[in-house]
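As structure tokens, the structure follows; a few thoughts come after it.
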Amino acid sequence: MKKQAVFQEVAQQIAQRVYEGTYVTSQKLPSDYDLAEEFQCSRLTVRKAIDLLIGQNLLVKEKGKGTYVMKQPKIQSGSGGLQSFTETAKIQGKKTRTEVLHIETVKELPIEIGQLFGDYAKEPIVYLVRLRYFDDEPMTVENLYVLKRYLQEDTAELTKAQLESSLYQVIEANIEIGYSHQEVEAVKSPADIAKLLQVPQEEPMLLVHSMTYSASAKPILYDISYYRADKYTFKNTLVRQK
């Protein structure tokens with residue numbers, strides 16, 4: 001593997017400080033001289049690192065005044081294709097934490113969800129409710145219906161660590177995830193969801209319905225999730241049909 005150039009390593013460390021909140025929006029960075037001394041490199045290396053981060057829209061330079069941290073956009077889901085919550089967080093330099101609020105093997109699905117699973121609705125399906133965090137900030141409440149066969153033979157065998165990790169990773173040990181059909185709508189948060197996400201009642205939320213399939217169109221999981229609209233957004237690429 002090709003080793004990173006020194007200026008790329010310096011840029012990575014500065015970016016990490018932005019993501020972690022050490023450098024905040026509108027904050028002026030230390031001088032090139034101070035950064036060079038701190039990172040034990042030349043001022044030219046620091047300038048190249050800063051130019052790289054300016055090109056990535058993380059920093060902005062004001063002539064004669066210095067370099068500042070740009071206001072960061074909302075966390076984007078979908079900008080890198082179909083990704084799990086954990087994968088999205090990792091790309092954006094954040095850590096995830098999960099609280100499992102409820103788990104059961106459902107005996108009967110709501111009619112509209114059963115129709116999405118088709119014949120597979122006759123199989124055991126696990127219903128899982130999870131509260132997900134980016135760093136220590138509550139971000140989404142997930143209501144998941146997952147075919148039990150893609151988790152493990154017995155729900156009791158699922159460890160706490162597995163339930164609190166990326167379910168995509170657990171599922172893909174059994175079947176490859178292919179694609180997801182997703183619908184996003186703006187809603188007012190129900191009282192119980194607002195409490196979990198620590199926002200005012202009836203705060204605007206993004207309600208996301210998604211059905212995930214294997215490449216051969218086998219249903220895997222159905223997800224109804226509430227996301228904080230003030231912190232999260234969805235980005236999709238639409239291809240024009242000829």
Side-chain angles (χ1 to χ4, degrees), residues 73-92 94 96-98 100-106 109-134 138-152 155 158 162-187 189 193 197 204-229 231-241:
K74 294 179 182 178
I75 296 159
Q76 289 187 345
S77 175
S79 57
L82 179 56
Q83 296 170 329
S84 70
F85 184 87
T86 304
E87 290 165 340
T88 300
K90 186 176 180 180
I91 288 170
Q92 301 192 36
K94 296 184 179 292
T96 59
R97 181 163 65 86
T98 304
V100 176
L101 306 179
H102 180 81
I103 181 169
E104 67 171 308
T105 299
V106 294
L109 289 171
I111 294 174
E112 64 276 12
I113 296 177
Q115 289 173 342
L116 292 170
F117 279 98
D119 290 340
Y120 290 88
K122 300 172 185 176
E123 294 190 19
I125 290 177
V126 173
Y127 173 56
L128 181 63
V129 182
R130 305 194 301 174
L131 174 60
R132 311 295 304 276
Y133 294 78
F134 270 172
M139 196 63 59
T140 180
V141 177
E142 300 174 334
N143 296 272
L144 305 164
Y145 294 85
V146 191
L147 274 165
K148 197 173 183 181
R149 64 153 81 182
Y150 300 135
L151 295 175
Q152 284 190 0
T155 305
L158 279 170
Q162 286 174 312
L163 291 174
E164 292 179 348
S165 66
S166 170
L167 278 190
Y168 272 29
Q169 188 174 353
V170 176
I171 290 167
E172 290 197 304
N174 299 291
I175 188 171
E176 186 175 352
I177 294 172
Y179 58 92
S180 180
H181 291 317
Q182 194 174 78
E183 292 182 9
V184 183
E185 60 178 311
V187 298
S189 61
I193 299 297
L197 294 179
M205 290 271 169
L206 295 175
L207 177 58
V208 182
H209 303 260
S210 56
M211 188 74 204
T212 301
Y213 299 87
S214 69
S216 58
K218 293 177 181 176
I220 297 174
L221 71 90
Y222 181 66
D223 179 7
I224 309 167
S225 292
Y226 288 88
Y227 288 83
R228 286 180 55 171
K231 296 286 185 179
Y232 212 92
T233 187
F234 286 79
K235 181 176 181 179
N236 297 298
T237 300
L238 302 178
V239 179
R240 183 174 174 82
Q241 301 298 316

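For clarity, every value in this text was computed on a predicted model and none was experimentally measured. Values below: all heavy atoms of this structure, side chains included; hydrogens, waters and symmetry mates excluded.
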Task: Interatomic spacing from CD1 in I171 to CG in L221 - rounded to 0.5 Å - done: 5.0 Å
- [ ] Write down the atom of Y213, the atom of L116, and the distance for their closest heavy-atom approach.
- [x] OH-O, 4.4 Å
Task: NZ on K148 to CG on N174, rounded to 0.5 Å - done: 13.5 Å
Task: Reported CG-to-CG distance for the pair L151 and L167, which is rounded to 0.5 angstrom - done: 6.5 Å
Open item on the list: Tell me every residue that passes side-chain hydrogen bond (donor to acceptor under 3.5 Å, both in side chains) with H102, counting only those two or more places apart in sequence or in another chain.
Closed with: E104
- [ ] With the side chain counted from C-beta on, respond yes when I125 and V146 share a heavy-atom pair under 4.5 Å apart, and no when they do not.
- [x] no
Task: Donor-acceptor contact present, side-chain S214 to main-chain K218, <3.5 Å - done: yes
TODO: Mind checking the OH-OG1 spacing from Y150 to T212? Nearest 0.5 Å is all I need.
DONE: 12.5 Å
Open item on the list: Minimum heavy-atom separation for G114 and L109, please, with both atom names.
Closed with: CA-CD1, 3.9 Å
- [ ] Report the residues that fulfil ring pair (Phe, Tyr, Trp, His ring centres under 6.0 Å) with Y226, sequence neighbours left out, ordered by chain and then residue number.
- [x] none
- [ ] Any chance you could lay out the side chain to side chain contact (heavy atoms under 4.5 Å, CB included) test for Q182 and V208, step after step, and finish with the verdict?
- [x] CA-CA 7 Å; Q182 194 174 78; V208 182; 3.6 Å; yes
Task: Residues that E185 engages under side-chain hydrogen bond (donor to acceptor under 3.5 Å, both in side chains), provided they are two or more places apart - done: H209
Open item on the list: Quick check for you: to the nearest 0.5 Å, what is the distance between L131 atom CG and M139 atom CE?
Closed with: 10.5 Å
Open item on the list: Ignoring hydrogens, what is the shortest heavy-atom contact between M211 and P219? Give both atom names and the distance.
Closed with: CE-CB, 3.4 Å
Task: With S210 via side-chain hydrogen bond (donor to acceptor under 3.5 Å, both in side chains) - residues at least two apart - done: none
Open item on the list: If the condition is side-chain hydrogen bond (donor to acceptor under 3.5 Å, both in side chains), which residues does N143 pass it with, not counting sequence neighbours?
Closed with: Y127
TODO: Could you list the residues that satisfy side chain to side chain contact (heavy atoms under 4.5 Å, CB included) with S225, not counting sequence neighbours?
DONE: T140, E142, D223, Y227
Task: Contacts of E123 that satisfy side chain to side chain contact (heavy atoms under 4.5 Å, CB included) - sequence neighbours left out - done: Y120, L147, R149
Task: Min side-chain heavy-atom separation L163-I103 under 4.5 Å - done: yes
Open item on the list: In terms of relative ring orientation, are Y145 and Y222 parallel, tilted or perpendicular, with 30° and 60° separating the classes?
Closed with: tilted
Task: Residue pair T98 / R130, side-chain donor-acceptor N/O under 3.5 Å - done: no
